[in-house]
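Input: a single structure, listed below in structure tokens.
Heavy atoms only: backbone and side chains are in, while hydrogens, waters and symmetry mates are out. The first residue in the sequence is number 1, and the count goes up from there.
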Amino acid sequence: MYNLIQTNNGTLLPILQDAHELAHFLDTIPPEDISYLNEASYPDRVYSIEHHILQLLAQNDIIMDESPARIVTPLLHSLLLYTYTNLRLTPVGGQIRQRLVGRLRMSLEATELTILNCSFAAELMWMLVLGGSAAAQGGEDRKWYKEQLWWVLNQNSALEWRWEQMTGVLKDVLWLERGFLEGCRDFWVEALDLEWVADL
């Protein structure tokens with residue numbers, strides 16, 4: 001919140017708040033009773049979040065943040081992926097997910113991850129776990145996200161963390177829906193197995 005305000009990107013705060021509330025809402029309602037979704041205007045709120053993210057992405061050159069790490073563009077791409085994975089709950093392996101996974105990867109590749117890690121380590125971990133967990137098993141994107149996550153965990157002395165510690169960091173950035181979070185754990189375990197990355 002502080003970083004967004006300091007870089008004149010406070011317009012993202014209501015989007016993050018709404019996304020957090022809706023994902024948390026999904027975790028608390030009875031899964032068999034969808035009437036709660038209509039009573040809470042859930043579809044309209046998800047549409048509103050997506051619309052605002054797309055608007056901000058379209059104005060990318062205007063809202064580019066002033067921080068040295070330039071986190072806003074990858075954050076917007078990750079929020080769009082988040083909308084489809086944690087709020088719309090699109091199918092694993094779906095085409096839209098894979099397209100958004102690829103766009104987030106391209107955005108992160110265009111960023112200096114070393115600088116990003118220095119200023120926004122938790123946010124970077126969150127984006128990498130989100131992208132990697134949404135990526136198709138065995139694909140190049142998933143492999144790339146695993147390698148980057150291993151590097152970030154290593155840089156932050158987090159390779160020895162328990163899953164509860166990692167979950168705390170992820171949820172501090174933005175709430176992850178229960179089903180998606182389970183997939184995040186599988187991806188995190190895969191990343192921890194990449195000991196060979198240290199030799200690169």
Side-chain angles (χ1 to χ4, degrees), residues 1-4 12-31 42 45-46 49 53 69 71 74-94 97 100-101 104-105 107-108 113 116-137 139 141-195 197-198:
M1 183 169 64
Y2 173 80
N3 286 324
L4 287 173
L12 281 171
L13 291 174
I15 297 173
L16 292 170
Q17 181 68 31
D18 279 352
H20 172 86
E21 289 175 0
L22 291 179
H24 193 271
F25 176 73
L26 282 182
D27 275 353
T28 57
I29 63 167
Y42 185 90
R45 291 181 68 189
V46 171
I49 290 170
I53 295 168
I71 189 176
L75 181 61
L76 287 171
H77 282 288
S78 66
L79 288 173
L80 197 54
L81 177 60
Y82 177 86
T83 301
Y84 278 84
T85 54
N86 283 259
L87 302 180
R88 291 195 183 277
L89 305 179
T90 54
V92 176
R97 276 198 187 197
L100 295 174
V101 163
L104 174 57
R105 175 181 171 179
S107 182
L108 286 169
L113 293 186
L116 194 62
N117 182 56
C118 289
S119 304
F120 306 100
E123 290 84 355
L124 180 56
M125 286 183 204
W126 183 85
M127 287 188 278
L128 292 171
V129 169
L130 176 77
S133 301
Q137 283 281 357
D141 284 331
R142 192 170 180 101
K143 179 184 174 199
W144 182 86
Y145 282 104
K146 277 191 285 193
E147 291 172 1
Q148 305 314 309
L149 179 60
W150 190 96
W151 178 83
V152 171
L153 292 172
N154 187 45
Q155 292 295 307
N156 293 282
S157 303
L159 287 173
E160 302 303 320
W161 281 0
R162 297 184 316 277
W163 174 238
E164 291 73 24
Q165 291 169 281
M166 190 68 192
T167 303
V169 170
L170 296 176
K171 287 185 174 179
D172 278 350
V173 176
L174 194 57
W175 191 269
L176 294 169
E177 183 268 334
R178 187 187 309 112
F180 188 80
L181 188 60
E182 290 172 6
C184 290
R185 180 174 185 174
D186 295 340
F187 172 74
W188 172 76
V189 169
E190 289 176 34
L192 291 182
D193 287 339
L194 293 181
E195 293 297 334
V197 175

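- Annotation for I53 and L76: closest pair CG2-O, 3.5 Å, computed over non-hydrogen atoms.
- Side-chain contact between L16 and L79 is present, with at least one heavy-atom pair separated by less than 4.5 Å.
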Passes side chain to side chain contact (heavy atoms under 4.5 Å, CB included), W175 versus L170? Steps please. CA-CA 7 Å; W175 191 269; L170 296 176; over 6 Å; no
Candidate pair E21 and R45, rule side chain to side chain contact (heavy atoms under 4.5 Å, CB included), full reasoning: CA-CA 10 Å; E21 289 175 0; R45 291 181 68 189; 2.9 Å; yes
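- One distance of note links CG of L149 with CH2 of W188; it measures 10.0 Å at 0.5 Å rounding.
- Atom NE2 of H20 sits about 9.5 Å away from atom NZ of K171, to the nearest 0.5 Å.
- Side chain of R142 to backbone of Q137: no donor-acceptor contact under 3.5 angstrom is found.
- A heavy-atom distance below 4.5 Å is found between the side chains of C184 and W163.
- Looking at L108 and W144, their side chains come closer than 4.5 Å, going by heavy atoms from C-beta outward.
- Between the SG atom in C118 and the CD atom in Q155 there is a gap of 8.0 Å [rounded to 0.5 Å].
- Contact check for E177 versus T85: no side-chain heavy atoms found under the 4.5 Å cut-off.
- S133 places no side-chain N or O within 3.5 Å of a backbone atom of F187 that could act as its donor or acceptor partner.
- Annotation for L116 and L124: closest pair CD2-CD1, 3.6 Å, computed over non-hydrogen atoms.
- Annotation: side chain of T167 is not in contact with side chain of R185 (no heavy-atom distance under 4.5 Å).
- Closest heavy-atom contact between W126 and L176: NE1-CD2, 3.8 Å.
- Between Y145 and W150, the distance from one ring center to the other does not fall under 6.0 angstrom.
- The main-chain N or O of L75 is found under 3.5 Å from a side-chain atom of S78 such that the two form a donor-acceptor pair.
- Put simply, the side chain of D27 gets close to the backbone of R178: a donor and an acceptor are under 3.5 Å apart.
- Note that the CG atom of L130 and the CG atom of N86 stand 6.5 Å from one another [nearest 0.5 Å].
- Annotation for E164: atom CD counts as buried by contact number, over 12 foreign heavy atoms lying within 6.0 Å.
- Across every non-hydrogen atom of R97 and F180, the tightest pair is NH1-CE1, 4.3 Å.
- Separating the CG atom in L174 from the CD atom in Q17 is a distance of 9.5 Å, to the nearest 0.5 Å.
- Between L81 and A134, the shortest heavy-atom distance links the atoms CD1-CB, 4.0 Å.
- The closest donor-acceptor contact from the side chain of Y82 to the backbone of L87 lies at 3.5 Å or more, if one exists at all.
- Partner L80 forms a side-chain contact (heavy atoms from CB on, under 4.5 Å) with one of L104, L100, I49 and no other, that one being L100.
- Side-chain contact between N117 and W151 is present, with at least one heavy-atom pair separated by less than 4.5 Å.
- The line from CE of M125 to CG of D172 is 11.5 Å long, rounded to the nearest 0.5 Å.
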